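Accompanying notes for the structure given below.
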Amino acid sequence: MNHFEYKDGVLHAEGVDLNRLAAEVGTPFYCYSTATLERHYKVFSGSFPKGTLVAFSVKALGNIAVLKTLAKLGAGADVVSGGELRKALKAGIPGGRIVFSGVGKTKAEMTLALEAGIYQFNVESEPELQALSAVATALGKPAPITIRVNPDVDAKTHAKITTGTAETKFGIPWSRARAAYALAAKLPGIKVVGVDVHIGSQIVDLEPFETAFAKVAGLAAQLRADGHVIERLDLGGGLGVPYITNNEPPPDPSAYGAMASRVTRDLGCQIILEPGRLIAANAGILVSRVLYVKQGEARTFAILDAGMNDLIRPAMYDSHHEIVPVNEPKPDCPRRRYDVVGPVCETSDIFAAERELPELAEGELVAILSAGAYGAVMSSAYNARPPAPEVLVKDEQWSVVRPRLDDDALFGSERIPDWL
Ligand code: LLP
């Protein structure tokens, strides 16, 4: 459920008319709904036992105002860089509610995290364990760790967002997991606290999750028998969302929560989760204006002022996003097939191919839905285009929470060398 709805013929974000917002902010822009973010967080966290740490995956939607919205509900954060860690701290999420994932943590990032009192590092390799031991020992601050294990389970999602099979760079191979824990137990400055797994993203079937969680629960019992203290199970993120409104919906968070609790109950561990997309995807839209409607030889192109630099998901993952006009079409409005494209000079700058939509007119506004997760965070300044600004709405209030960059911010830091 989300809070983008037609009211009196105009798409609103909560109580805010998107025509009015576009007139004030200019297009394109991202728009996030506080009520939807809050609802998704509450539904998700309410599906797990008390004491569960729901660490929002900052990579999905890292705007500090959004992080603060979730922090006020008690969310923790899952971060994968020093930058994300600093943003989470700035949003008021305490270090003690932040977990640090990722295969390439630098020693500087480890230092920052230890100084922030990080809840845990999810360690992804033996060399990383050695590096963390050296940093923690030098600082005199023991590093709480889980080892992210690679369970070799196929999440049956897009290949580019599959992370739990043996061919991917993620986690320590299943066959070396116990040896890695034995190494961790011997290293100074390392304190083992649990086990971590994350098998991919936009997963719409509970079965691969259950297979992975059951394997991890079995491993945790084995590790306890080996003498390790295993008090936390970090089960990662990855639960899918409906992108296609008329499609079979993905599993309900409550079914996912019940399954995870059942599979891990005997261990009595604290559960940690790292949802990103589930909280953010349908809490955000990208509002854009139709610049031109161009008749090609074989296709009709609706050319938007948003491009792949603003939302790269369709180009990168062939993802489907609903596109709706901001002004509600009349019931008798004719429908046409469009390739909805952006202005970037790439054939891959396309939001929808041969999509049937209500007839579009030049100058009209459209909203690209389900764009809250992996939208603004993956935007770039390709073609020297300023990435779309971000607006956060709450009831009738709205604020620009990241402005459109002017030329100074966009390329003012570039330098012409003296010798040129
Ligand atoms: N935890 C870890 C360790 C992760 O790698 C990820 C996502 C998450 C949690 C959050 O997963 P979520 O709940 O959002 O599925 N850019 C791609 C998605 C990349 C996901 C990377 N890892 C996309 O736009 O589909």
Side-chain angles (χ1 to χ4, degrees), residues 37 40-41 43-45 47 53-62 66 70 75-81 84-85 88 98-105 119-125 128 146-151 155-165 168-172 195-205 208-209 212 216 233-243 250-251 253 256-257 260 271-284 286 308 310-321 351 368 370-380:
L37 288 164
H40 289 174
Y41 178 82
V43 167
F44 188 84
S45 59
S47 303
L53 173 61
V54 177
F56 175 64
S57 203
V58 172
K59 66 170 84 68
L61 176 47
V66 169
L70 297 171
D78 159 48
V79 302
V80 291
S81 69
E84 285 190 355
L85 174 56
I98 301 178
V99 302
F100 197 163
S101 308
V103 297
K105 305 174 192 80
Y119 193 53
Q120 73 193 31
F121 292 89
N122 294 330
V123 173
E124 302 225 19
S125 67
E128 181 192 334
T146 71
I147 287 180
R148 175 170 176 185
V149 289
N150 184 321
K156 296 186 224 149
T157 182
H158 193 284
K160 285 187 185 161
I161 50 177
T162 290
T163 58
T165 55
T168 67
K169 68 180 176 181
F170 297 101
I172 285 185
V195 188
D196 171 48
V197 71
H198 171 80
I199 59 170
S201 196
Q202 186 52 19
I203 302 170
V204 291
D205 184 356
F209 280 122
V216 165
L233 291 184
D234 184 333
L235 302 177
L239 189 58
V241 301
Y243 278 104
Y256 170 79
I271 302 290
I272 300 169
L273 295 146
E274 303 169 353
R277 192 187 310 267
L278 190 97
I279 310 284
N282 286 312
L286 176 59
M308 66 189 291
D310 299 303
L311 178 67
I312 203 169
R313 300 195 70 257
M316 201 150 167
Y317 315 105
D318 303 311
S319 63
H320 179 106
H321 291 261
F351 294 113
I368 302 177
S370 311
Y374 306 107
V377 282
M378 293 181 78
S379 64
S380 75

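Numbering of ligands and ligand atoms starts at 1, following listing order. Because the structure is predicted, anything quoted here is derived from the model rather than measured.
The shortest heavy-atom contact between T168 and T163 is OG1-O, 3.0 Å.
For E84, there are no side chain to side chain donor-acceptor pair (under 3.5 Å) partners two or more places apart in sequence or in a different chain.
The CZ atom of F351 sits 6.5 Å away from the CG atom of D310 when rounded to the nearest 0.5 Å. For the atom pair D78 CG and Y119 OH, the distance stands at 14.0 Å (nearest 0.5 Å).
For the pair K105 and F121, the cation does not sit on the ring face, since its NZ or CZ is not both under 6.0 Å from the ring centre and inside 45° of the axis.
Pocket lining of ligand 1, defined as residues with a non-hydrogen atom under 4.0 Å away: S57, K59, D78, R148, I161, H198, S201, Q202, G237, G238, E274, P275, G276, R277, R313, Y317, Y374, M378.
Between D234 and R148 there is no salt bridge, since none of the side-chain N atoms of the basic residue sits less than 4.0 Å from a carboxylate O of the acidic one.
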